[in-house]
2 protein chains.
Amino acid sequence: MDSRKEQILKAIIKEYIFGAEPVSSKTIVNRYGLNVSSATIRSEMAALETLGYIKQPHISSGRVPAASGYRYYVDYLMDSDNILNEFNLLDVNTNNLKDINNYLKEVAIILAGLSNYTVIITEEKQGEDKIHHLKLVGLLEDKALLVLVLSSKKVKDYVLSFMEKISDDDLIKLTDILNYHLIDKNLDSITLELKQEILNIFPDSPLLVDEIFKIILIALNEEKNVDFIVEGMKNIFKLPEFNEVKKIESFINTLGDQERVSKIFDNILGQEKGKIDIKIGDEIGIEELIDFTVIATNCSFCDGIQGKIGIIGPTRMFYEKNITLLESLFKKKEE
Amino acid sequence: MDSRKEQILKAIIKEYIFGAEPVSSKTIVNRYGLNVSSATIRSEMAALETLGYIKQPHISSGRVPAASGYRYYVDYLMDSDNILNEFNLLDVNTNNLKDINNYLKEVAIILAGLSNYTVIITEEKQGEDKIHHLKLVGLLEDKALLVLVLSSKKVKDYVLSFMEKISDDDLIKLTDILNYHLIDKNLDSITLELKQEILNIFPDSPLLVDEIFKIILIALNEEKNVDFIVEGMKNIFKLPEFNEVKKIESFINTLGDQERVSKIFDNILGQEKGKIDIKIGDEIGIEELIDFTVIATNCSFCDGIQGKIGIIGPTRMFYEKNITLLESLFKKKEE
DNA sequence: ATTTAGCACTCTCAGACTTAAAGTGCTAAA
DNA sequence: TTTAGCACTTTAAGTCTGAGAGTGCTAAAT
């Protein structure tokens, strides 16, 4: 790859990213003045095609970048983009962080708006959670709040409705008993026997204890299930190359399938925060996303929660802009 | 409208609902044996067309129901459908109702699956909420939970992180002060002066008081904003008549726009629970949904929360099935 | 007064053909 | 090594054609 070939490859890619149409030798001469004729460009293009960096949709058309062309571009040719360094993405509504999911959703919506692509965010679940401690807080005559503090420092809570009257004293007593027996217990160690043991000590409200056990199991189980926030899917309608019902259906269905979507983050599993991963076309490993590129990174959110963010767009993505977007997000988090 | 015309209209509609293709006079003779020839059907069809109940996509094609044809069908011709009376829709995960939104989302997903159309659910916000009372519950050294019980009996809570150390005694003291001043206050009456008053009595943690005020304002404000849960949009890909990118884009964009979507429920505002409202085509009042039908009803969920559910599908909807679906949902709620 | 057989008419859909435009590859000369 | 020139290929859009589906109308039958 001599420098002129690189210049031409870069020109083809920039042109194609912008216009989504095959790029002709003449266009390159006109817009990227290399002081050679279109014939020269043509022979260079033939060489680039042999190298696998570009291809022709049909024999007499202009050239389109191949996946390996984008890869070469990303690895060696890309300019960095300084325009976007002043994001303040994480000022989003930082007051109301009780529900991490709402927060992540807002981040996703904003990122999708800025990128004009689709954004996927997922919270990283770390191993098994235990009960750090719990509290029962009386609210109204017939309601109390069960607050669970988990070993991951996450707080979860649930409203309980009583059939039977329960006094504040009883609530305190029950809280003590539950804490005594449940602290440091994980999903597996919350057994029927344990429940029986507690029922023996506190036989007053068997239904309530039952309910509490159910909720705890659900809460701990929830912590094992990763879920994905996907925003900006409708941005696909802005891309002329996906102007077919089949393609849109396949895209929407694929991003609705958590199992497939999780593959998007395979490369950054266990990587350090801030490292930007770029997967182009089949590098993603999802057949239906062969015409897409994913830019992803690990990220930490408020309260030390770990997560992953991915931007998914066409292979002819505005790489610089979106890489900078994720980088700036990361920087903000660190300061 | 004599009985034979009604039979023919019904046949055309049933046939079109099933096949999404113009219905010919011959098809009716073959499948709905009315003991007349196709020529007779044709002259009846011409009459039905004059009445506005059916129309022809082009001059020499079969007939397609017009909006008023569906309306006539729904009002006078429809069979009721008893097949679906054993739904147990509301057994969904009823243990984990802390977050009403998650619950509604699950209901929407299940209904979308059963109907094969798109389901919209919204929680009804009733007027202005006040603070019934609040509690501060210590969790970890540097964290507490602010629990707000609203006059609507809704419980909302938020994790607070302290900069400064706060003792349990201080939390109790602050709780008392806040309750004394904030009980029965609504969004408008939580003023700067009020905050100042509290700061005068409890000057120890100005930042914390600040934070709590912010959160309360957000919480009360949230109660004013209705939001919509939309599930099953991708079912549109199963409908051959929407097999065009433009149509799908318009549908998805329209359902993403809360202002327009809220119109779907206009007819059932203030109606009694369980009343099923059917809006066909332009009756919906949303230009982009001219080819859709909405079936909607008021509904009450767990803990007495009021909501609205709508099923949105093509005008050639399986009316009986989806009406029964919503009705059975309502019945289950009541028992 | 209705119903129906028969036929002319209309429209769609798919395939074949045509032409203009865009772009390439190759060759021979610079 | 570069380039001008030209033959060649392909697409995209337009036109034509014939088959098929379905109607509306008319005149005869019930």
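Quick caveat, the model's predicted, so the values are computed rather than measured. Note on naming: letters A, B, ... go to the chains in the order of the sequence lines (proteins, then strands), and numbering restarts at 1 for each one.
Going from atom CG of N35(A) over to atom C1' of dT1(D) covers 15 Å, rounded to whole Å. Atom NZ in K26(B) sits about 15 Å away from atom C1' in dC7(C), given to the nearest Å. As rounded to whole Å, 16 Å separates atom P of dA22(C) from atom CE of M45(A). What separates CG of L34(B) from P of dT3(C) is a distance of 12 Å, to the nearest Å. Rounded to whole angstrom, the span from the CD1 atom of I12(A) across to the P atom of dT24(C) amounts to 9 Å. The distance from atom CZ of R42(A) to atom P of dC6(D) is 14 Å, rounded to the nearest whole Å. For the pair L48(B) CG and dG24(D) C1', the computed distance is 16 Å after rounding to whole Å. Going from atom CD1 of I41(A) over to atom C1' of dG23(C) covers 14 Å, rounded to whole Å.
In the region residues 52-64 of chain B, proximity to DNA chain C at under 4.0 angstrom, judged on heavy atoms, holds for H58(B), I59(B), S60(B).
When ring centroids are compared, F251(B) and F292(B) come within the 6.0 Å threshold.
Open room surrounds NZ on K26(B); 12 or fewer heavy atoms of other groups in view lie less than 6.0 Å from it.
Checking dT24(C), dA4(D), dT23(D) against every side-chain atom of A39(A), the shortest atom distance belongs to dA4(D).
K247(A) places a side-chain N or O within 3.5 Å of a backbone atom of E241(A) that can act as its donor or acceptor partner.
In this structure, the side chains of K263(B) and L289(B) stay at 4.5 Å or more apart for every pair of heavy atoms.
Contact annotation for S43(A): no contact, since no heavy-atom pair falls under 4.0 Å across all strands. At a threshold of 4.0 angstrom between heavy atoms, the contacts of S38(A) with the nucleic acid are absent.
With both pairing distances under 3.5 Å, dA29(C) is matched to dT2(D) as a Watson-Crick or G-U wobble pair. The nucleotide dC8(D) finds its pairing partner in dG23(C), both defining distances of the Watson-Crick or G-U wobble pair being shorter than 3.5 Å.
Contact check on K308(B) versus D277(B) returns no salt bridge, with no Lys/Arg side-chain nitrogen under 4.0 Å from an Asp/Glu carboxylate oxygen.
Look at T40(B) and you'll find a side-chain N or O under 4.0 angstrom from OP1 or OP2 of dT4(C). Of the side-chain N and O atoms in R4(B), one or more sit less than 4.0 angstrom from OP1 or OP2 of dT3(C).
Inspection of the T293(A) and Y319(A) side chains reveals an N or O donor paired with an N or O acceptor under 3.5 Å. Between the side chains of N116(B) and K238(B), at least one donor N or O sits under 3.5 Å from an acceptor N or O.
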